[in-house]
Amino acid sequence: MTFIQKVWAIVWKDITSELRTKEMLLSMCLFSFLVLIVFNFAFDTGLKNLRENISGILWVAFIFSGLMGLGRSFGVERDKGTLYGLLLCPISPWGIYLGKMIGTFIFMTIMEIFTLSIFTVLYNINVIPFLLPLGLIIFLGTLGFATIGTVFSAMSATTKARDVMLSILVFPISAPMIIALVKATGIILWGGAIQETYSWLKILIAFDLVFLLLAYLTFGFIIEE
Amino acid sequence: MTHNRAFLKIFQFVTFFMMLLALYAIFVYAPVEKSMGIVQKIFYLHVPSAFLAFFAFFITFIASILYLYRRDHRWDVIAFCSAEIGVIFCTIVLITGPIWAKPIWNVWWTWDPRLTTTLILWFIYVVYLMLRSVAGENQRSNFSAVFGILGFVNVPITFLTIRLWRTIHPLVITGKGINISTPMIHTLIIAFVAFCLLFFWLLINRIGLEKMRFKVEEIRGFIEDKIHLEHEKQGG
Amino acid sequence: MAQMQEEDNYIIKASGLVKKFGFKTVLRKIDLSLKKGDFLALFGPNGAGKTTLIQILCSLMRPTSGNVWIAGFDAEYDREALHKVIGVVSHNTFLYNNLSAYENLKFYGIMYRVMNLRERIEEVMGLVGLRGYMNDHVQTFSRGMQQRLSVARAIIHDPLIFFLDEPFTGLDQHGVEDFKQILKKFRDQGKTIVMTSHDLDRGLELCTQAAILKSGNLVYKEDVSKITQDDFKEIYFKLTGEQTLPV
Amino acid sequence: MAGTLYLFAAFSITWFIIFIYIFSISRRQKTLEREIEKISRALGDHS
């Protein structure tokens, strides 16, 4: 059980540290807000076919602001020099990975709750009736994104051109996940039953599990020098 | 050394000969396909390249796993060289595909599963090469090995997803399911063998180049060491 | 067999350490062994590989070839167990700026699974003379105070072995004196210490053994009791080819 | 006729890419060989 305690300690210190400044959370929320507004200009709201694009807009907002959080996940540790302190702790690489991943997941969830409420108002779509299936899809998507994102955050933290590198590492790998997310969200927002999204949910679950397993197997190689 | 050289020479000659034979087969031996006309001959370039691109990335995948398992930098070199050649073949696939599609389907591109997956595959390995150039020397091999594994595992998931997303384009089926005549099959086999030989010839040469670069760097490091030590002696 | 028994006495043992960054060799075949209670000061000019050596010894970095055993643990396979018995202080404090001193120590305390954490934190804070600053955020601390807190962080789990990488950097005169007192205490408690330093005077004052690292080679190692400070300095200048004391 | 044009484009681009690649490999190889030669000559002078 000490393993869980240690993982939780990493999550706790990331969250406490972030809540002191709120720098990252605020910029993530603000950014997704902006994405919603910009897309509103880009696709004229008056048009009837907006509904087809709407789940795409939502996920673009989630993913782009999620990337901001990811970049900082290991980036800050690297910049402030605390990364070595963390690596010196008697915990397996997998523990460090989990701690960081859960932290990112929580930050993203907070941002997504905020974005979803803004979205409800700006795009005039009541999400309350779909909250349960939508929540499940967002959970799976955020988990998958945090899973691969944390691996690449650790990788890009030590490379040149860190932020650019992070996005070009994340996007090709997350392509299937993004397709599944947009499709499933679209079905739900259209008023479809959850049964219709099963094939997409299966892909999401498979994606999450496969990459969690791969992260477990390979994370040690990423943080060693 | 000389034994190797001789082997390479023969290999090179055979490759060259097979390429010429393939060209002959494609343009002279193979008949013109009835419904698509002469454009169909692109097929003989396109299909072997697609197979080899995929094969190259598979080599990268296996070599990456072996590198992490054994920590032998030779596997890393193989993974890298294979990925680079894979990108070359994948680029050929992505260029010849639309050139074929334009007169046949009347569009350059469709978001068909096969096409989209190939495009994403190409992206993944371009990013792989990029990652190698930006990562620090100390971590380059580990990073690229991990990315080589993640990227390859991602491919089947991507394909399944996109197939679910865009149900298979009917034109692809007519495109693949044409009644191929025996000379066409012969031509395809010859082209296939020729491209495989080309691939391995490129791979051997690329690996040789990388090994040579290693040697030169090693010698350079060695000389620097010597200079350093001599300097030290003079200092002391 | 005799050699095996001898090996058992060593708490730190490194053999044939080579580290290459790409094709640049930073460490060349370094052998190092220390007994319990030894205090080794590593001197050397910039770029001699001191930091790399320390990082390999505390298994933050993997050597290109060679092996490291710390307190009987193989650095390649027993990283977790090894990390439990070592404490590291470097010019980098490893502290989280937005957290208070107490929270920082609590975090590391949980990571090292320290029992009676609250009392232990109070104890180490008293040791480094920061008892009154428990709930202040680290970002409000001066450089010297941060370094002291960093020492508290490093000793929270009462390690057997200390690795100190340029610990005096950024400390004022007062801080250096306090830090030396702490080090003296550890030495007298029989902890094993490896320290790198630029500063010949301060380093020599405390250590039991002194070594010189020059472009990746361990060129000199001697018991301090067998040599005077001035002699050592002369040897240092001779071996490294430096004209003045490094800054 | 248009078909021939497409066919020609596809083949020429493919060969172009492959030859550029082969060319770049051989050029890099030449550079390295020259370097080795330079080093061995320098070593010869030295001893």
Side-chain angles (χ1 to χ4, degrees), chain A residues 1-26 72-100 102-103 107 154 157-160 219-225, chain C residues 19 21 26 51-52 54-64 73 75-100 102-115 117 137-139 146 150 153-154 156-157 159 163 165:
Chain A
M1 287 307 95
T2 49
F3 179 73
I4 293 172
Q5 271 175 2
K6 286 174 183 177
V7 171
W8 181 245
I10 297 176
V11 178
W12 167 83
K13 73 93 192 145
D14 274 347
I15 290 177
T16 320
S17 183
E18 175 56 31
L19 289 182
R20 293 273 153 76
T21 57
K22 300 179 193 69
E23 243 172 57
M24 186 175 84
L25 266 179
L26 277 178
R72 290 186 48 128
S73 175
F74 274 94
V76 166
E77 301 260 5
R78 186 95 202 164
D79 290 342
K80 299 264 161 75
T82 47
L83 186 60
Y84 283 154
L86 197 59
L87 295 183
L88 277 170
C89 293
I91 183 169
S92 61
W94 171 239
I96 295 176
Y97 171 83
L98 267 188
K100 279 295 180 183
I102 293 169
F107 290 136
T158 61
T159 61
K160 290 176 257 173
F219 197 69
F221 295 108
I222 294 171
I223 54 171
E224 80 176 26
E225 282 190 42
Chain C
K19 181 67 188 177
F21 290 115
V26 185
T51 302
T52 309
I54 289 264
Q55 286 190 335
I56 287 176
L57 287 180
C58 54
S59 84
L60 267 179
M61 205 180 261
R62 167 189 284 273
T64 310
F73 299 117
E76 193 171 345
Y77 303 107
D78 298 321
R79 278 176 62 133
E80 263 180 73
L82 190 155
H83 284 162
K84 269 183 204 156
V85 297
I86 63 171
V88 180
V89 179
S90 85
H91 48 276
N92 208 326
T93 57
F94 306 153
L95 297 171
Y96 293 93
N97 276 335
N98 294 326
L99 301 180
S100 69
Y102 178 75
E103 285 164 337
N104 264 295
L105 293 183
K106 188 177 148 199
F107 169 64
Y108 283 105
I110 296 172
M111 296 304 276
Y112 284 99
R113 227 184 142 209
V114 176
M115 297 295 152
L117 190 52
H137 288 189
V138 171
Q139 58 194 353
Q146 287 192 13
S150 183
R153 170 195 60 71
I156 187 105
H157 54 295
F163 290 104
D165 188 15

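Naming: A, B, ... by sequence-line order, numbering from 1 per chain. These numbers come from the heavy atoms of this one structure, side chains and all, not from hydrogens, waters or symmetry mates.
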- So do Leu88(A) and Phe94(C) actually touch side chain to side chain, heavy atoms under 4.5 Å? yes
More than 12 foreign heavy atoms under 6.0 Å from CZ of Arg78(A): is that the case here? yes
Those residues at least two apart in sequence (or on a different chain) that pass ring-ring contact (aromatic ring centres under 6.0 Å, His included) with Phe163(C) are none
Tyr112(C) meets the ring-ring contact (aromatic ring centres under 6.0 Å, His included) criterion, sequence neighbours left out, with His157(C)
The interface call for Leu95(C) against chain A, heavy-atom contacts under 4.5 Å, is backbone
Turns out that what part of Tyr108(C) lies under 4.5 Å from chain A's heavy atoms comes down to side chain
- Message: Measuring only between side-chain heavy atoms, which start at C-beta, is Lys13(A) closer than 4.5 Å to Tyr96(C)?
- Response: yes
Whatever's closer than 4.5 Å to a heavy atom in chain C on Ile10(A) counts as both
Okay, Asn104(C) and chain A: the region with an atom under 4.5 Å from a heavy atom over there is neither
Residues at least two apart in sequence or cross-chain that pass salt bridge (charged side-chain N to carboxylate O under 4.0 Å, His left out) with Arg72(A), listed by chain then number, are Glu23(A)
Looking only at Lys84(C), Met61(C), Arg62(C), the option with the highest number of non-hydrogen pairs under 4.5 Å against chain A is Arg62(C)
Presence of salt bridge, Arg79(C) and Glu224(A), under 4.0 angstrom:
no
Cut-off 4.5 Å, heavy atoms of chain C, and the answer for Glu77(A) is side chain
Heavy atoms of Ile110(C) and Ala9(A) approach each other most closely as CG2-CB, 3.8 Å
Looking only at Thr21(A), Thr2(A), Leu19(A), Val76(A), most heavy-atom pairs under 4.5 Å shared with chain C are made by Thr2(A)
Honestly, the part of Ser100(C) sitting under 4.5 Å from a heavy atom of chain A is backbone
Heavy-atom nearest pair, Glu103(C) first then Thr16(A), reads OE2-CG2, 4.0 Å
Smallest heavy-atom separation, Arg20(A) atom then Asn98(C) atom, equals NH1-O, 2.8 Å
To the nearest 0.5 Å, atom CD of Gln5(A) lies from atom CZ of Arg113(C) at 7.5 Å
If one checks every heavy atom of Leu86(A) against chain C at 4.5 Å, the contacting part turns out to be both
Under 4.5 Å to a heavy atom of chain C? For Trp12(A) that would be side chain
Residues 89-99 of chain A vs chain C, non-hydrogen distance cutoff under 4.5 Å, contacting residues -> Cys89(A), Pro90(A), Ile91(A), Ser92(A)
